[in-house]
Amino acid sequence: MLKKAAMLDIRLIRERPDFVKDELAKVQCPPSAIDALLEADRVRREALQALESRRAERTRRSKEIGALPPEERKAAGAALKSLSDEIAAAEAAAADAEARFDTLMLEVPNLPHPDVPVGPDDSANVVVRNVGEPATFDFTPLPHWDIGPALGAIDFERGVKISGTRFYVLTGIGARLQRALISFMLDVHTRDHGYVEVYPPAMVKEQCLVGTGNLPKFADTVYRDIEEDFWFVPTAEVPVTNLYREEIIDGATLPIRHVAYSPCFRREKMSAGRDVRGIKRGHQFDKVEMVKFVRPEDSDAALASLLDDAEDICRRLGLAHRVIQMCTGDLSFTAAIKFDVEVWAPGCGEWLEVSSCSSFRDFQARRANIRFRPTPQAKPEYVHTLNGSGLALPRVLIAVLETYQQADGSVRVPEALRPYLGGLEVLRPV
RNA sequence: GGAGAGAUGGCCGAGUGGUCGAAGGCGCGCGCCUGCUAAGCGCGUAUACGGGUAACACCGUAUCGAGGGUUCGAAUCCCUCUCUCUCCGCCA
């Protein structure tokens, strides 16, 4: 069966090509991509019509043969042989046209949401708000790559020894602190924010990556096992969004809100040589991810609350943070609108992205074919999908260590985490 | 990993080469009838793409786990694969 892999609605592109071109220009997609797509669509439809009219004829004449007495069928059938050959050729032509169309279709990025500021690159991103005062010190705060080893919490050397560059080992209180953070976040989201926890596979089939938009364009950022054709998830967004792939969801169950803890694997080829210090950017890290499936009319409100759910973790941990809205030029391939949450890390002196909250509108739903019935009798419609980290672990760990460090090298444990560490109040150097 | 069984519509379940997108039942929807309820009766009840329409209607094609093959014609025959179940082995 020919796979329908629409990312944008081809009907919208057909009917309003200039509008689509203008919008995509804002996300740095050239208009020629749309012209190529429209041409491929035209070729595809012609091929389809040619094929279908021949098939209709064959069906009609074959049925006539079926009505004949058995002894006459063989002779009557022989006359249809050439028609069948024609159909085979038409099928091949249609499959080619379809494949060409699908290829182009999958490489067109999402349309930006009208609320997104227009800009060429990250310089035009907008700081939406700052929350909390950055921690101040009467001594020079240390970066986590000094604090961590001193606490016996991070072992960089052995991480490199066993797995190579961009790997580290959390040890003792470090491992325990990360586990506490994971439990804390999952509890907050499930208990107070209404998410249903899932624990998904970290290895998925190729089709899942297409659904979320990682493939075909970003294959070089994902690890895979060639022998079994498994792909290692770069984020829980992939398995969780694909939970409902190829499904028609009962409208009454929307919105669906999931939160998932998972390891994440990234090749980080694009960032070679950058952020090599510390645990900020590794090939493997842990993350708590929130994913929502909502009715289209609810997606704007759902994004606002998703963002607030992510920020709530920062608030409860007492981490100074800011919210950045991405401009059109800095939007990801799949996002229609996106806000990043960054926490302040006073030791390394930088804002760390701990969450990226996006609405994909119907972009992923089209690719993954996730629909819902608005009412029991209505035709299925695409859901809107959203997701955001809630939050990314190693960076929260960094922010906690650096924010709560004290002059003697110890680190206070934020109130909210103490129940998860048996009441422990201070981490002390070993 | 070894052996066997299976995969049909929302569900159950017929169908082994032709008029089958698929009997029958259940469920569901609409209507009728019945002074409640239950039963009964009639009609309807998948998805996608393309054409068509102001929008409906309507027309065509595809889909009986997936892919390929045989044939004028495949749910039905052949091959490959996937998944599920049972037994054995192995494990967390």
Side-chain angles (χ1 to χ4, degrees), chain A residues 1-16 37-106 199-208 210-211 225-231 239 242-254 263 362 365-383:
Chain A
M1 190 176 74
L2 297 175
K3 190 106 205 118
K4 283 290 141 288
M7 56 152 332
L8 298 184
D9 187 349
I10 183 59
R11 269 164 272 185
L12 175 69
I13 299 174
R14 253 182 235 150
E15 287 160 23
R16 303 177 61 194
L37 191 59
L38 286 168
E39 174 61 12
D41 180 47
R42 191 187 61 75
V43 170
R44 161 181 156 267
R45 282 195 290 171
E46 275 181 18
L48 225 43
Q49 281 171 42
L51 170 63
E52 289 182 358
S53 66
R54 280 187 172 75
R55 282 218 269 233
E57 185 184 351
R58 180 182 67 186
T59 301
R60 184 175 54 76
R61 294 176 63 181
S62 285
K63 282 185 179 174
E64 288 171 7
I65 291 175
L68 257 35
E71 62 275 15
E72 294 177 31
R73 289 177 184 170
K74 196 168 170 83
L80 280 185
K81 177 63 177 160
S82 67
L83 178 60
S84 266
D85 291 342
E86 274 182 53
I87 288 172
E91 279 172 345
D96 284 352
E98 193 80 34
R100 160 96 179 135
F101 173 75
D102 285 348
T103 299
L104 293 174
M105 216 38 191
L106 283 171
Y199 175 79
M203 299 159 83
V204 296
K205 296 193 280 188
E206 178 176 1
Q207 193 56 45
C208 293
V210 176
D225 167 41
I226 295 180
E227 287 181 23
E228 305 287 346
D229 195 32
F230 281 128
W231 295 70
N242 279 280
L243 243 29
Y244 302 101
R245 182 154 59 83
E246 313 288 338
E247 291 191 24
I248 299 173
I249 300 168
D250 177 357
T253 66
L254 295 178
D362 63 2
R366 286 178 185 282
R367 295 172 78 104
N369 200 20
I370 306 170
R371 293 170 296 170
F372 76 105
R373 256 181 240 284
T375 61
Q377 262 61 50
K379 286 188 71 97
E381 290 178 30
Y382 291 109
V383 300

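First the proteins, then the strands, lettered A, B, ... as listed; each starts at 1.
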When you compare A38(B) with G29(B), how far apart are their P atoms, in angstrom units rounded to a whole number? 13 Å
Please tell me which of the listed nucleotides, U47(B), G18(B), G73(B), lies nearest to the side chain of Arg73(A)? G18(B)
Rounded to the nearest Å, what distance is computed from the CG atom of residue Leu51(A) to the C1' atom of nucleotide G60(B)? 11 Å
Lys379(A) vs U47(B): side-chain N/O to OP1/OP2 distance below 4.0 Å: no
Suppose you measure atom C1' in A39(B) against the same atom in U34(B); what distance do you get, rounded to whole Å? 9 Å
Please give the distance between the P atoms of C64(B) and G21(B) as a whole number of Å. 12 Å
Value in whole Å for how far the C1' atom of G73(B) lies from CG of Asp85(A): 14 Å
Phosphate OP1/OP2 of U71(B): any Ser84(A) side-chain N/O under 4.0 Å: no
Under 3.5 Å, side-chain donor or acceptor atoms of residues 59-69 of chain A against the rest of the protein: list the pairs with distances, not counting sequence neighbours.
from, atom 1, to, atom 2, distance (Å)
Thr59(A), OG1, Arg55(A), O, 2.9
Arg60(A), NH1, Glu64(A), OE2, 3.4
Arg61(A), NH1, Glu57(A), OE2, 3.2
Ser62(A), OG, Arg58(A), O, 3.0

Could you pull out all donor-acceptor pairs under 3.5 Å where a side-chain atom in residues 78-88 of chain A meets a protein atom, sequence neighbours excluded?
from, atom 1, to, atom 2, distance (Å)
Glu86(A), OE1, Arg54(A), NE, 2.5
Glu86(A), OE1, Arg54(A), NH2, 3.3

Would you say Arg11(A) places a side-chain N or O within less than 4.0 Å of OP1 or OP2 belonging to C49(B)? yes
So which of residues 55-64 of chain A are in contact with RNA chain B, with a heavy-atom cut-off of under 4.0 Å? Arg55(A), Ala56(A), Arg58(A), Thr59(A), Ser62(A), Lys63(A)
Taking Watson-Crick (N1-N3 plus N6-O4 or O6-N4) and G-U wobble (N1-O2, O6-N3), each under 3.5 Å, can you produce the dot-bracket string of RNA chain B? Use [ ] for crossing pairs and | for inter-strand ones. ((((((((.[[[..)..(.....]]]((((((.......))))))((((((......)))))).[[[[[..)....]]]]])))))))....
Does a side-chain N or O of Arg373(A) approach OP1 or OP2 of U45(B) to a distance below 4.0 Å, or not? no
Distance in angstrom units between Glu15(A) CD and A54(B) C1', rounded: 13 Å
So, using salt bridge (charged side-chain N to carboxylate O under 4.0 Å, His left out) as the criterion, who are the partners of Glu46(A) when residues are at least two apart? Arg42(A)
Side-chain N,O (Arg45(A)) to OP1/OP2 (G51(B)) below 4.0 Å: yes
Interatomic distance where CZ belongs to Arg42(A) and C1' belongs to G51(B) [whole Å]: 17 Å
U37(B) versus C43(B) - spacing of their P atoms, nearest Å: 24 Å
At what distance, to the nearest 0.5 angstrom, does CD of Glu98(A) lie from CG of Leu48(A)? 6.5 Å
Among U47(B), G50(B), G18(B), the nucleotide that comes nearest once only the side chain of Pro380(A) is considered: U47(B)
Given atom CD of Glu246(A) and atom P of U63(B), what is their separation to the nearest angstrom? 17 Å
Closest-nucleotide 5' rank along RNA chain B - winner of Ala79(A) and Lys205(A): Ala79(A)
Answer whether the closest heavy-atom distance between the side chains of Arg45(A) and Ile10(A) falls below 4.5 Å. no
Is there side-chain contact between Val383(A) and Leu254(A), with at least one heavy-atom pair below 4.5 Å? yes
In terms of heavy-atom contacts, does CZ of Arg100(A) have more than 12 from other residues, nucleotides or ligands at under 6.0 Å? no
Please report the distance, rounded to the nearest Å, between CD1 in Ile65(A) and P in U71(B). 14 Å
Comparing nearest nucleotides in RNA chain B, the 5'-proximal residue of the pair Lys74(A), Asp41(A) is Asp41(A)
Pairwise C1' distance for G65(B) and U71(B), with rounding to whole Å: 23 Å
Please state the P separation for the pair A66(B) and G27(B) - nearest whole angstrom. 29 Å
Mind checking ring-ring contact (aromatic ring centres under 6.0 Å, His included) for Phe101(A) and listing every partner two or more places apart, or none if nothing turns up? none
Salt bridge (charged side-chain N to carboxylate O under 4.0 Å, His left out) with Asp225(A): which residues, sequence neighbours excluded? none
Rounded to the nearest angstrom, tell me the gap between atom CD1 in Ile87(A) and atom P in G60(B). 16 Å
Using atom P of each nucleotide, how far apart are A74(B) and G69(B) to the nearest Å? 12 Å
Only counting residues at least two apart or in another chain, list the ones meeting salt bridge (charged side-chain N to carboxylate O under 4.0 Å, His left out) with Arg245(A). none
Rounded interatomic separation in angstrom, taking CZ from Phe230(A) and P from U82(B): 11 Å
In terms of side-chain heavy atoms of Arg371(A), which of A48(B), A46(B), G60(B) is nearest? A48(B)
In whole Å, what separates the P atom of G4(B) from that of C79(B)? 14 Å
For Arg14(A), what residues pass the salt bridge (charged side-chain N to carboxylate O under 4.0 Å, His left out) criterion, not counting sequence neighbours? Asp41(A)
